[in-house]
Amino acid sequence: MEELLRILEKNARLPVEDIAAMMGKTPVEVAAMMDEAAEKGYIRGFEALIDWEKAGVNLVEAVIELHVSPRKSRGFDEIASVVASFDEVDSVLLMSGGYDLQVVIKGRSFQEIAIFVAKRLSPLDDVLSTATSFVLRTYKRGGRLYLDEETDDREWTVL
């Protein structure tokens, strides 16, 4: 199963026949494994990795560090669930270290993100503080490089 998951993680668009050949299995066996992986929740979905900047779409991404105060009746999981329920939120991660939750959000502008943090995230009872960092440029995501090789168009002469 792990081999199948690693193949799909790198390229989920591969035809079942190609995956079967890579794994030394039949397409029927691979299709059954994929169904089982989805049923067990190993596969959470399939998505395309989009370079929004290259596509000319104005999208701002921010990483927010949250310090929260879990209570006996309401732990990290419940707080994270509330934060994750916001449409603007892309991901929520429980962290070790200097803060509790890392929240990644996307919006159309810096102001839109700032308003979200000020009006929706910060006022939550369990949120003690936030620290927002804006993503200025993406170099690598999901194991894939985002920067194209820059060509050097300068001309030079060898003597």
Side-chain angles (χ1 to χ4, degrees), residues 1-16 18-19 33-154:
M1 182 67 73
E2 183 179 339
E3 182 182 14
L4 170 66
L5 296 175
R6 290 194 186 281
I7 291 168
L8 291 173
E9 185 177 44
K10 290 197 184 305
N11 185 355
R13 292 191 61 182
L14 282 175
V16 174
D18 291 355
I19 297 171
M33 289 175 70
M34 290 173 71
D35 290 342
E36 178 187 351
E39 186 178 298
K40 289 184 175 181
Y42 302 160
I43 297 174
R44 296 292 181 160
F46 297 94
E47 60 186 31
L49 194 57
I50 310 295
D51 186 337
W52 291 108
E53 183 179 344
K54 188 173 256 186
V57 175
N58 189 28
L59 189 69
V60 177
E61 185 174 5
V63 178
I64 304 164
E65 300 172 3
L66 288 184
H67 290 272
V68 298
S69 176
R71 298 188 189 106
K72 199 177 251 188
S73 63
R74 190 174 158 103
F76 286 115
D77 291 347
E78 208 171 311
I79 297 166
S81 181
V82 169
V83 172
S85 70
F86 293 121
D87 290 337
E88 297 89 344
V89 172
D90 185 66
S91 62
V92 180
L93 305 166
L94 180 62
M95 305 298 290
S96 66
Y99 56 95
D100 304 309
L101 296 175
Q102 181 183 71
V103 180
V104 178
I105 67 170
K106 295 178 180 173
R108 295 275 177 204
S109 67
F110 292 104
Q111 183 179 15
E112 184 178 296
I113 290 174
I115 290 169
F116 170 78
V117 172
K119 295 197 177 212
R120 301 192 68 202
L121 201 54
S122 293
L124 294 174
D125 289 337
D126 300 312
V127 173
L128 300 175
S129 67
T130 66
T132 303
S133 299
F134 290 98
V135 175
L136 301 178
R137 185 161 204 181
T138 301
Y139 295 101
K140 187 175 186 178
R141 184 183 304 266
R144 298 218 172 25
L145 292 173
Y146 267 53
L147 295 179
D148 296 328
E149 298 250 347
E150 291 185 25
T151 56
D152 187 351
D153 294 332
R154 295 178 293 176

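This is a predicted model, so every value here is computed, not measured.
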State the [atom1]-[atom2] distance between [X] and [Y], to the nearest 0.5 angstrom.
| X | Y | atom1 | atom2 | answer |
| --- | --- | --- | --- | --- |
| Ser69 | Asp125 | OG | CG | 10.0 Å |
| Arg120 | Glu88 | CZ | CD | 4.5 Å |
| Leu5 | Glu3 | CG | CD | 10.0 Å |
| Leu124 | Leu66 | CG | CG | 8.5 Å |

Where is the tightest heavy-atom contact between [X] and [Y], given as atom of each residue plus distance?
| X | Y | answer |
| --- | --- | --- |
| Ala84 | Val89 | CA-CG1, 4.3 Å |
| Val92 | Ala80 | CG1-CB, 4.0 Å |
| Ala62 | Thr132 | CB-CG2, 3.9 Å |
| Leu4 | Met33 | CD2-CB, 3.6 Å |
| Met1 | Ala37 | SD-CB, 3.8 Å |

Check: [Y] and [X] side chains under 4.5 Å, non-hydrogen atoms:
| X | Y | answer |
| --- | --- | --- |
| Leu49 | Tyr146 | yes |
| Ile19 | Leu8 | yes |
| Ile105 | Asp90 | no |
| Leu93 | Leu101 | no |
| Lys106 | Val60 | no |
| Val83 | Leu121 | yes |

Would the distance check show the side chain of Ser122 and the main-chain N or O of Val117 forming a donor-acceptor pair, the cut-off being under 3.5 Å? yes

For Arg108, all residues meeting salt bridge (charged side-chain N to carboxylate O under 4.0 Å, His left out), sequence neighbours excluded: none

Qualifying residues under salt bridge (charged side-chain N to carboxylate O under 4.0 Å, His left out), relative to Asp126, sequence neighbours excluded: Arg71, Arg74

Across all chains, not counting sequence neighbours, the ring pair (Phe, Tyr, Trp, His ring centres under 6.0 Å) partners of Tyr42 are none

Who pairs with Phe110 by ring pair (Phe, Tyr, Trp, His ring centres under 6.0 Å), at least two apart in sequence or on another chain? Phe134

Does anything in residues 55-65 pair up under side chain to side chain donor-acceptor pair (under 3.5 Å), and if so which pairs, sequence neighbours excluded? Glu61-Arg141

If you apply the rule side-chain contact (heavy atoms from CB on, under 4.5 Å), what do you find for Val68 with Phe76, and how did you get there? CA-CA 8 Å; Val68 298; Phe76 286 115; 3.5 Å; yes

Given side-chain contact (heavy atoms from CB on, under 4.5 Å), test Met34 with Val16 step by step and report yes or no. CA-CA 9 Å; Met34 290 173 71; Val16 174; 4.2 Å; yes

Evaluate the side-chain contact (heavy atoms from CB on, under 4.5 Å) criterion for residues Thr138 and Glu53: first the C-alpha distance (whole Å), next the side-chain angles of each, then the deciding distance (0.1 Å), finally the verdict. CA-CA 9 Å; Thr138 301; Glu53 183 179 344; over 6 Å; no

Among residues two or more places apart or on two chains, list those pairs meeting salt bridge (charged side-chain N to carboxylate O under 4.0 Å, His left out) that have a residue in residues 33-42. Glu36-Lys40

I'd like to know whether CD of Glu9 has more than 12 heavy-atom contacts from other residues, nucleotides or ligands below 6.0 angstrom. no

Asp77 CG: over 12 foreign heavy atoms closer than 6.0 Å: no

